Structure formats: C-alpha cells, structure tokens
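Working notes, beginning with the structure itself.
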Number of protein chains: 2
Amino acid sequence: MNITFDMKKFIDNFENSCHKVQKKTFSKNEVITSYIEKRNQLCILISGNADLVRYDLNGNRTIVEHFSQYDAFGEVFYAVTTNNELLVEAREKCEVLFYIYDDIRNKCRSNCKFHQMLAEDLPELILSKVTDLNMRIELLTKRSIRDKLLGYFNLVSSRYLSKSFSLPFSLTDLADYLSVDRSAMMRELKLLKEDGFIDKTGNRITLLYK
Amino acid sequence: MNITFDMKKFIDNFENSCHKVQKKTFSKNEVITSYIEKRNQLCILISGNADLVRYDLNGNRTIVEHFSQYDAFGEVFYAVTTNNELLVEAREKCEVLFYIYDDIRNKCRSNCKFHQMLAEDLPELILSKVTDLNMRIELLTKRSIRDKLLGYFNLVSSRYLSKSFSLPFSLTDLADYLSVDRSAMMRELKLLKEDGFIDKTGNRITLLYK
DNA sequence: CTTTTTCTGTTGCAAAAGCAACAAATTATT
DNA sequence: AATAATTTGTTGCTTTTGCAACAGAAAAAG
C-alpha cells in the first residue's frame, strides 16, 4: 500500500506510547483475525505478509486481499454482510498492531499522542486502501483469465519498476486471488508463453511486450 | 452509501459557506467528470444517479460503480494506472458538488466552516466507500453468473428490506456491472426463474428462497 | 536425510460463458 | 402520433473456463 505519511517512523516511536494498542506476533498459517464479530478493529501489519481469505459454501477459496508491510486491515473496512468465513491468515511470521477504531476517532484523541497522530493521518491511510481496492476491482472486472493475468503482471511490474519480477505468492494462491480455476490459469500461462507475451521460470515472470 | 453523519443537513447548509466549492448541474448522459487528469477532485452527488464507467480496448463497457444520492466519487479515490477511459456519466439529471481534496485537508481548514466540518467527517466518508468497494469485490469474486446475480439481489434486497424490488438500472447495465455477457446473464435469469429461485417481471425481482 | 505435504504442470472431458444475430417490446425523440 | 433508438428476450454455435485426476518437483516437517 502507498501511504503518504511515514508509517515506519511512526511505528518505531510506538513502544512508549499508548497502552491500549496491542502488538502481537503470529507464526505461519495462524489466523490473525476473523471478520465475523463486530469488533471495529483496525490492524496494521508491521512485518511479514498475510492474506484476507474467504471460504464460500461451494468450497471455493478466494484471496480477497494480500497484505505486506504497513498495510492496514480489519473489520472497520468491511461491513460483514456475508455468511461466508472471512479470515486474515499469516503467510509467514507476522507482527501486527491492533487498534480499536473508536479510540482513534474519539476517546484517546486528546490525551494520547499516538492515537492523535494516527487520527490525523487516518484519511490518507483509508484513502490508500480505497485506491488499492479500486485496482483490485479493475483486475476482477477483466473478462478473461488472460486479461486478468496481464493486468496483474502490469501492476506488479510497475510496483517493482521492472519487466521482470517474482510473484509475491504461489501460483495456487494467484489463482485464488484472480478468482479463477488454477488449472485453467496454468493453461493460460502456458499460452501466454507460447504466444510470446511473457517468459516464466518458476514464479519469476518477465514481460516481453511494449 | 451508508454515511454515519447527516449528509443532508450538512449539504443543506452549504449555500452561504465556502466559495471554493462548486455546484453544477448535469443532464442525462452528460459526463460529470473523467478520471484521466490528476485533479484530486472529490465529488458528492446531491441528486440524481450516475455511473463510473470504464471502456476497455476490447470494446467492453464496465460499470465500475453506481452512485446515488450523497455518494462520493472522484479522482481522490482512484489512482489511475490504466490507459482505459474512466468516466462518470449522469444516468438522469444530476446535481454535483465539486471539492478539491487538498482544500479539505489543508488550506481551508482553519477559516472555512464547511471544509472544516467535512474534514472532521472525512474518515467516515471514506470508510463507507471502502465497505462499498469490499461488497463489490465480494460480488465480482463469485465464480458463476448465477452466484453473481444472487449475490447482487441479496444486496439490493437487504438494502430495501424487502424480498421484492426494482433493479436500480437496466438489465443491459446490470450485465456491465457484474462484468458478464448480457445474453449469458439473460439466460441465467431465465434458469433462475425456472429453478424457482426468483420471480421476475420486467426489472422487478422477487426472491423466492429462504 | 528421509518422509510427508504442498505446489506445479498437464490433460481429457463437461459445463459455463461469450459472441452474433435477430425479432419483439419498450422508451425516447421529433 | 409517428419514427427512431434502445432494451429485452431468445437461440445456435464457438470459445473459454472449470473439474477431476495424476505424476513429477519442490518445500516443509520430522
């Protein structure tokens, strides 16, 4: 995520700040939080990476969002209307800060410097979430697996400023992220290679066009 | 959109407030704004309804978002990475307020009451956008046209608190909103009727399950 | 270092979705 | 009120995607 204020510096100064903020560590595959209850939680990932995953009634798994350092997540962002399970799962060892959203908006405001600063930059924080989600929607509205793949590769490519990059997750996960069948996606990857659009070795992709 | 503060009252008191805010009226099919240039615009729809529409290179049209009274939109919410055209088009006569986002965050803050109030409620405003987009993503990640239709109908149904409702747009537009082929969607609607899931007369839908 | 588990790559077949085209119905326009 | 434009409903055919199943590769666990 693209945050305009200096999250690192901000987080570094956290320790001797507000006692209401909890910092927890999770190991691989642990569930960081679930979006079932209404806790109005806002979480920030300090290290590691994690996925927001939905399991639907047909047994499909969807990676709704992928989080890396300094990304924000939590129920504040999600009006849980669905009866599907929504979990944030650690992909590797993760450190996470837990806030209560109401504390950022109200209570702590006047007395706690930490929450006050966070409140100050809250619009930017949430706004970067919005732009992220809009990019995700643009991907998902592409009509074919091919266009979804190319769209995704373009995003990653421009993020790393390089035509060549490693995918941030496994191909199995990529299929769940693009919301398509894995084997169909593998087939399309092969075709993209054959048609000279990309090169692919393991999960390293090189774009050959433009 | 679900805003927690009283947008109506807020808008009503606008007239004798800040001269930087522009109010414009658009007639049906007019382009309210385009997301090509970087103007950092934030718009609020006071009346009417409009769509954020994307036209891609394959000639597909996608309704990215649908806006009705008091919904917010504009480039602030969208990091335009794509080379596709992104337009907000009026579906009927629309009144729209135009803000510059920076004015809300910085300049006007101390002296203009209107911007000050808006800044105050900005996190809530943006947050409701986030939850909207998340619902949209949930729809788009459904694997079949049937599930997309049912998911969408559930949303509308719970919004109107009724199993029976009129669709807020035409079936042609619904297909563009769900990002599927229109004729395939029509076929699926027929099947949903035949299978006893829904009843349908024109664009009035009645849910027959649960 | 060996075993177990997960991930990758592939395929044949079935199902779903897209495309194209058209007539009928509805809605706008003059 | 007549004409034009758009939307709805339908269908045959084609293409794409999904499903199931499996073998080999790679990664994780013991």
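Because the structure is predicted, anything quoted here is derived from the model rather than measured. First the proteins, then the strands, lettered A, B, ... as listed; each starts at 1.
We find that CG of B:Leu192 is positioned 16 Å from C1' of D:dT10, with the value rounded to whole Å. The distance from atom CZ of B:Arg146 to atom P of C:dA16 is 9 Å, rounded to the nearest whole Å. Rounded to an integer number of Å, the gap from CE of B:Met186 to C1' of C:dA16 is 18 Å. Between B:Asp147 atom CG and C:dA17 atom C1' the separation is 14 Å, expressed in whole Å. The distance from atom CZ of B:Arg187 to atom P of C:dA17 is 9 Å, rounded to the nearest whole Å. As rounded to whole Å, 11 Å separates atom P of C:dA20 from atom CG of B:Asn60. Summarising the geometry, the separation between CZ on A:Arg91 and C1' on D:dA27 is reported as 15 Å, rounded to the nearest angstrom. Spacing between atom CG of A:Asn58 and atom P of D:dT17 amounts to 19 Å, rounded to whole angstrom units.
At its two ends the helix from C:dC1-D:dG30 to C:dT30-D:dA1 runs along axes set 70° apart, each axis drawn from five pairs and the angle rounded to 10°.
Comparing A:Glu188 and B:Leu189 by the nucleotide of DNA chain D that holds the closest heavy atom to each, the one mapping nearer the 5' end is B:Leu189. Between B:Met185 and B:Asn29, the one whose closest nucleotide on DNA chain C sits nearer the 5' end is B:Met185.
Between C:dT8 and A:Thr172, a contact under 4.0 Å exists linking OP1 or OP2 to a side-chain N or O.
With hydrogens and angles left out, the side chain of B:Arg182 and the base of C:dG18 share no donor-acceptor pair within 3.5 Å. A donor and an acceptor atom sit less than 3.5 Å apart, one in the side chain of B:Ser183 and one in the base of C:dA20.
Within the 6.0 Å centre-distance limit, the rings of A:His66 and A:Phe169 are counted as a close aromatic pair.
Comparing C:dT8, C:dT10, C:dG18 by their nearest atom to the side chain of B:Asp181 picks out C:dG18. Of the candidate nucleotides C:dA17, C:dG9, C:dA28, C:dA17 has the atom lying nearest to any side-chain atom of B:Ser144.
Aromatic ring orientation, A:Phe165 versus A:Phe153: tilted (interplanar angle from 30° to 60°).
Of the charged side-chain nitrogens involved, at least one lies within less than 4.0 Å of a carboxylate oxygen, so that A:Arg91 and A:Glu89 count as a salt-bridged pair.
B:Lys193 comes within contact range of no nucleotide atom at all, as no heavy-atom separation falls under 4.0 Å. Heavy atoms of B:Lys200 sit under 4.0 angstrom from primed sugar atoms or phosphate atoms, though from no base atom.
Here salt bridge (Lys or Arg N to Asp or Glu O under 4.0 Å) pairs that include residues 193-202 of chain B, with residues two or more places apart or in two chains, are B:Arg146-B:Asp195.
Side-chain contact between B:Phe73 and B:Tyr35: present, with at least one pair of heavy atoms (C-beta onward) separated by less than 4.5 Å. The closest side-chain heavy-atom distance from A:Val31 to A:Val88 is not below 4.5 Å.
B:Arg61 pairs with exactly one of B:Asp173, B:Asp56, B:Asp181 by the salt bridge (charged side-chain N to carboxylate O under 4.0 Å, His left out) rule, that one being B:Asp173.
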